[in-house]
Amino acid sequence: MPEKSYNHNEIELKWHERWIADQALYRADPTSGKPKYYVSEMLPYPSGRLHMGHVRNYSIGDALARYMWMRGYDVLHPMGWDAFGLPAENAAIKNNRHPHEWTMSNIAVMKQQMHRMGFAYDWDREIASCLPEYYRWNQWFFLKMYERGLAYRKKALVNWCPECATVLANEQVIDGFCWRHETTKVEQRTLEQWFLKITQYADELLDAIKGLEGGWPERVLSMQRNWIGRSEGAEVDFTMESTGQKVRVFTTRIDTIYGATCVILAPEHPYVAPLLDDAGKARIKAMIEDRANQADEGDVVKDGIFTGAYALNPFNGERVPVWVGNFVLMGYGTGAIMAVPAHDERDFEFCTQFGISIRPVIRPVDGELPATVKEAFGEYGVVENSGEWSGLASADARKKMAGFAKERGFGEAAITFRIKDWGISRQRYWGTPIPFIHCAKCGIVPVPEIDLPVVLPLDVKITGKGRSPLADHPSFVNTTCPRCGEPAQRETDTMDTFVDSSWYFYRYCDPKNVNGPFDSATIAKWFPIDQYIGGVTHAILHLIYSRFWTKVMRDMGLITNDEPAANLFTQGMVLGTDGSAMSKSKGNVVDPEEMIGKYGADTCRLFVLFAAPPEKDMPWIEASVGGQRKFIDRVYRFVTRNVDREGAAPNADADKKAIRKLNQTIRKVTQDFSNRWHFNTSIAALMELVNELYAAEEGMSRQAIDEVLPKLVLLLAPFAPYIAEELWSELGRTGPVFRQPWPEFDEELAKEDAAEVVLQVNGKVRGRILVPFGLDKGELEKLALADPKTQAFFEGKSVVKVVVVPDKLVNIVVK
RNA sequence: GCCCGGGUGGCGAAAUCGGCAGACGCAACGGACUUAAAAUCCGUUAUCCGCAAGGGUGUGCGGGUUCAAUUCCCGCCCCGGGCACCA
């Protein structure tokens, strides 16, 4: 009889259709006692199509979900649709389609592809963070934050991407370029913008990182620590000599203040312009532009101008010159510094360059003050030449001097963060409208809750250039003031789409709720997320915003968890054939649909799991993909040709070998699922099992075959669901296979007959012997010394020591 | 400059707690089957010396600890990522 061969298209499509017909299979029941919440965050392509990165991301989560299902847990496993907005709008403009329609059709396509991959995705739940109902709750949150002072509008220097024609948050600017347009320089503009006060949570966001250690990758945590950038110091007011204005500076080294020899302002500092003539103003303007152009360079060449003004040091009354320096940042601290050239490398460079005096005031604990300063001494030491503070240790002086400043009202201890408030205004159509109304009389007025959601009009002309298309839509803009009833205008900025992604995984647990963003009791059952799976690219974007959002929701009393996810897994990228990240512009993209057609969904999934451990980047090598297909074919043939076979007469040897390997494999795969998710080794173990079964096949009895076949299929189910389902039904069983209990292993059956003990002489392997397990040390040593092959290596030498590791190894040390 | 990762055959990788380096797969080569090819099945495959038996070397480099190091410690080199005149 000719053997059946595995026709992936026919078989996968068959199950695909049945699974779609019975969507209830995938539904999770949050009332059960064993909930597990996994989220696979997949940043979709603007085209809305799956790419290999998505396939890998979801294959990891799906394998886990299927395994946990088989373990009796209820698993909720949505995928994130985050950041669907801006890319979708850009792609829609390019394709001359309306973004709403474009996105809806993309979602349909993507869903279909998800289904075709055989992902256990509960498609009855809609996340659709682009739908009006989701906007309602974005807006609702926004109003609540406004009430709490967490949302505000102000004129500020912001990042503007000319290509996106919108403002960007700091997190979306990478080395001075737009995160979406690698070659577009971001400009600085002063605009009225909406912000969320993430800085209010900066301290907690930083401190709570401790609690994430172990559950989150160190790489991500260290990026977040860097990004938040907490720095403890003090703010001190210098006094402008001529006007009496206070110039507030931030310093981490108030103990060095007697060594301050000038005050340096950022070029954008508001005090600067009035001090300068036209030529000076022009130089400042040039300085700002130069800086912007050098944004991607490491070192900026220092430049400065003396303003002609002087300021007084509040500690010693000293009169010091006020300069403008291009290296002083307006956006950090107070935009002004006191320069202490003797104890700060940058100040030293600046002051040396411009001939400003240098005065040391800190000596090393076991050293002297230098007569002339050749380089900055930036470490802590002992304060000198500082009036009453002289003789104090730096750390002590920092505290006492900050206290003194506070007492006298010219400063205080202060903490500065690198992270800035989250600018969420976007001058785009595609996003949640910010629910505010501008009234000539009443100012900025929130839209009353009852009028939510403010929905996007559909009849807009999308240009992608200049201001939001909403601003040109009179029936959207013109409204009446909810407070005084006079004609007024709507806010036309929309929210950053990272707002959507900040809490979508909460909404997903309760997607149809019309009374609130979600039901708190339902959230409490699922949260925190047991496992969040995503790319490392979001370490300081999405993953910091959603932590912030969680803390705000907690303080609003909506949830009780402090963090969104207990565990974070960052999967590696799928690299193109040339070894670099897959991207359309490089033309090294592999189309999943093409691969599914060619090899089947199961093969693709096995390959992305087998090629490398999931946290590592993996290359897409098509030649290797065939190997996974070969494996599936081997399994298929083995099961189908043995399903009805009579089997050999009971054969202790072949049966024992097969059953032993089976039990060892169950143990290995189970351990990989619980310890680490190195599915590559799990799949390798399955291959070993199949190889062993091929070798033992002839001699296997019917009884052994019946033991092996179903368990083999179950072991395969988390990784290759289609073939598992098909073979499960070939075995005459009823599915779905992922609701079957996970096979247990028997430690006794997994045991080898005898322990193979390695014999070493001076650490080199010279022989090996088979001994019964648990043989005691003395016996084992005797056997080892008696082994003729090994003896040859220590004959004539004296045995110094024998190290015995039971069941494993004997090392004979000789001289 | 600071902070995280990483470096193992021709290639992807494995070795989970200090105990046989290279499991599993790809590619390559050989054999069986076939008129032939594909497919399939069975082998070989770190490297050097050797006809072979066998032996030497080998996890980026240099040291150290240990009976024993891919694994631990110290000092370097290289690659990737993050932060960066952040006061």
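No hydrogens, no waters, no symmetry mates; every other heavy atom, side chains included, goes into these values. Throughout, a chain's letter reflects where its sequence line sits, starting with A, and its residues are numbered from 1. Since this is a predicted model, take the numbers as computed values, not measurements.
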Separation of atom [atom1] in [X] from atom [atom2] in [N], rounded to whole Å:
X        : N      : atom1 : atom2 : value
A:Phe610 : B:rA23 : CZ    : C1'   : 10 Å
A:Ile540 : B:rC3  : CD1   : C1'   : 13 Å
A:Arg629 : B:rA39 : CZ    : P     : 13 Å

Any strand counts, and the cut-off is 3.5 Å on both contacts for Watson-Crick or G-U wobble. Which nucleotide pairs with [N]?
N      : result
B:rC29 : B:rG43
B:rC72 : B:rG64
B:rC2  : B:rG82

Lys/Arg-Asp/Glu bridge criterion (N-O < 4.0 Å) met for A:Arg660, A:Asp753: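 Looking at A:Asp753 together with A:Arg660, the answer is yes, because their closest N to O distance falls below 4.0 Å.
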Do the charged groups of A:Asp344 and A:Arg346 touch, with an N to O distance under 4.0 Å?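 Yes, this pair counts.
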With a 4.0 Å cut-off on heavy atoms, is [X] in touch with a base, just the backbone sugar-phosphate, or nothing at all?
X        : result
A:Gly627 : sugar-phosphate
A:Phe631 : nothing
A:Glu349 : nothing
A:Arg230 : nothing
A:Val328 : base

The side chain of [X] lies closest to which of these nucleotides: [options]?
X        : options                : result
A:Pro613 : B:rA14, B:rC67, B:rA21 : B:rA14
A:Arg634 : B:rC26, B:rA14, B:rC42 : B:rC42
A:Phe793 : B:rC24, B:rG55, B:rG81 : B:rG55

Can you find a donor-acceptor N/O pair under 3.5 angstrom joining the side chain of A:Arg225 to the base of B:rC83?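 No pair found.
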B:rC67 base to A:Asn811 side chain: any donor-acceptor pair below 3.5 Å?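 Looking at the base of B:rC67, it does pair with a donor or acceptor on the side chain of A:Asn811 (distance under 3.5 Å).
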For residues A:Ile358 and A:Cys351, report the shortest heavy-atom separation together with the two atoms involved.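 In terms of heavy atoms, the two residues are closest at CG1-CB, 4.5 Å.
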Check whether the side chains of A:Arg629 and A:Tyr6 place a donor and an acceptor atom closer than 3.5 Å, and report yes or no.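 No.
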A:Arg253 side chain near A:Ser394 side chain, heavy-atom distance below 4.5 Å: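 Yes, at least one pair of side-chain atoms sits under 4.5 Å.
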